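Written out below as structure tokens is the structure these notes cover.
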Amino acid sequence: MKIIDYTETSKKFNIPEYILNQAPQDKILFFDIETTGFAAKNTTLYLIGALWYENHTVKIRQWFNEDGYSETELLKDFHTFCKSFSALVHFNGSGFDLPYLNQKAGISGISLDTINNLVQIDIYKEIRSYKTLLGLDNMKQVSIEQYLGIHRTDTYTGKELIKIYQRYVARPDEKSEQYLLLHNHDDLLGMPLISTILNYKQFMEQLTIESLKIQSDDHRLTISFLTTPAYSLPRRLTYTKNGIYINAFENTALLQIPITYTTLKHFFANHKDYYYLPKEDMAIHKSVAAYVESSNKIKASKDTCYIKQTGNFIPCTDSKCKETFRMELKSKESFLLLESFLSAHHEQQENYIKKILSSLL
């Protein structure tokens with residue numbers, strides 16, 4: 001086994017708050033592995049790489065299986081090294097790297113309990129559902145690097161490096177070793193940089209609004225707002241779905257929502273407590289229906305237990321909202337009276353915005 005250490009004095013990374021909320025900076029370890037295939041039983045683990053911060057300096061260590069027989073040494077030494085950290089950050093590590101290492105450990109008869117018990121932050125797992133929103137063809141690390149304008153020195157794919165490693169084991173040479181180490185090295189350097197992609201998740205799912213401005217005309221509701229600077233978006237986000245438009249960059253955002261003038265129905269929850277008045281085409285509570293002649297009322301069903309409202313409506317994606325309106329009981333789309341939103345408290349308006357953003361995913 002060969003251990004290679006680097007000190008990246010020229011690299012300064014800002015780890016996003018999304019990660020720092022789960023562990024202090026000096027207790028966060030980024031890691032990545034290189035193998036000759038996917039099945040641990042029939043392939044070789046030839047490299048483990050890690051990046052961390054020490055005295056405000058970026059450090060990288062690589063454990064290199066230079067002879068093809070040092071897997072157990074790599075696993076043991078990396079496992080011991082992880083005892084100094086509390087969080088492990090990776091890209092699809094939950095789907096591949098960690099299961100692979102644990103399978104290798106099982107074959108070698110060792111335990112990776114320290115690694116497995118660390119807080120796991122899988123960047124890929126957190127943002128894989130954002131492919132369409134960000135307009136990406138795939139969610140590979142290299143694709144996200146390109147999206148964020150991050151450039152790497154390495155030009156080989158992991159698949160191409162398998163043959164290079166196999167040739168290297170048979171006949172070691174410095175150039176091949178550099179290629180093998182460089183790919184992993186660039187993956188590690190790229191990981192803290194692409195971790196800012198997690199700010200999109202924070203924005204879309206756990207938004208905190210510091211101030212907002214609301215305007216409306218006959219056709220759309222326009223909401224301009226400022227978000228927490230700590231979760232600043234690294235690249236402008238523009239996206240449209242179901243007539244809803246979002247334009248956001250850094251900590252400013254503009255959301256436009258279509259307004260529809262129509263007549264809709266609000267359905268009451270417990271139809272057994274209501275009577276339907278056919279002439280008025282509406283339902284009333286049984287306590288009021290007691291004063292209506294029997295010939296003018298019938299027991300309400302789920303489909304007739306409603307009142308009608310004509311006005312300006314905006315889409316509502318909050319399934320828990322009690323003030324929603326629909327065309328019919330089984331209609332999938334729900335709406336909220338624009339007036340109800342405009343008169344709501346700031347907290348209720350913020351919750352509406354959060355639900356609308358979540359519906360875009």
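Since the model is a prediction, treat every value here as computed from it, not as a measurement.
- The hydrophobic cluster containing Met191 also contains Tyr200, counting ILVMFWY residues as joined when their side-chain heavy atoms lie under 4.5 angstrom apart, directly or transitively.
- At most 12 non-hydrogen atoms from other residues, nucleotides or ligands lie less than 6.0 angstrom from OH of Tyr69.
- With hydrogens and angles ignored, the 3.5 Å screen pairs no side-chain donor or acceptor of Thr304 with any backbone N or O of Ala300.
- Surrounding NZ of Lys125 are at most 12 heavy atoms belonging to other residues, nucleotides or ligands under 6.0 Å away.
- Aromatic pair His285/Tyr274: centroids less than 6.0 angstrom apart.
- You'll find the side chain of Thr72 stays beyond 4.5 Å of the side chain of Leu75, heavy atoms only.
- The number of heavy-atom neighbours closer than 6.0 Å to NE2 of His346, taken from other residues, nucleotides and ligands shown, is above 12.
- Exactly one residue among Trp63, Phe81, Phe78 makes a ring pair (Phe, Tyr, Trp, His ring centres under 6.0 Å) with Phe31. That residue is Phe78.
- Judged as a side chain to side chain contact (heavy atoms under 4.5 Å, CB included), and not counting sequence neighbours, the contacts of Thr227 are Phe203, Leu207, Phe225, Asn251.
- The pair Arg152-Asp187 meets the salt-bridge criterion, with a side-chain N (NZ, NE, NH1 or NH2) lying under 4.0 Å from an Asp/Glu carboxylate O.
- Atoms OG1 and CD1, on Thr317 and Ile356 in that order, are 4.0 Å from each other to the nearest 0.5 Å.
- Checked for salt-bridge contact, Glu126 and Lys201 meet the test: a charged N lies under 4.0 Å from a carboxylate O.
- Relative orientation of the Phe313 and Phe335 rings is perpendicular, given thresholds of 30° and 60° on the angle between their planes.
- The pair Arg326-Glu333 does not meet the salt-bridge criterion, since no charged nitrogen lies less than 4.0 angstrom from a carboxylate oxygen.
- The side-chain heavy atoms of Gln309 and Leu264, taken from C-beta on, include no pair separated by under 4.5 Å.
- More than 12 non-hydrogen atoms from other residues, nucleotides or ligands lie less than 6.0 angstrom from CG of Asn138.
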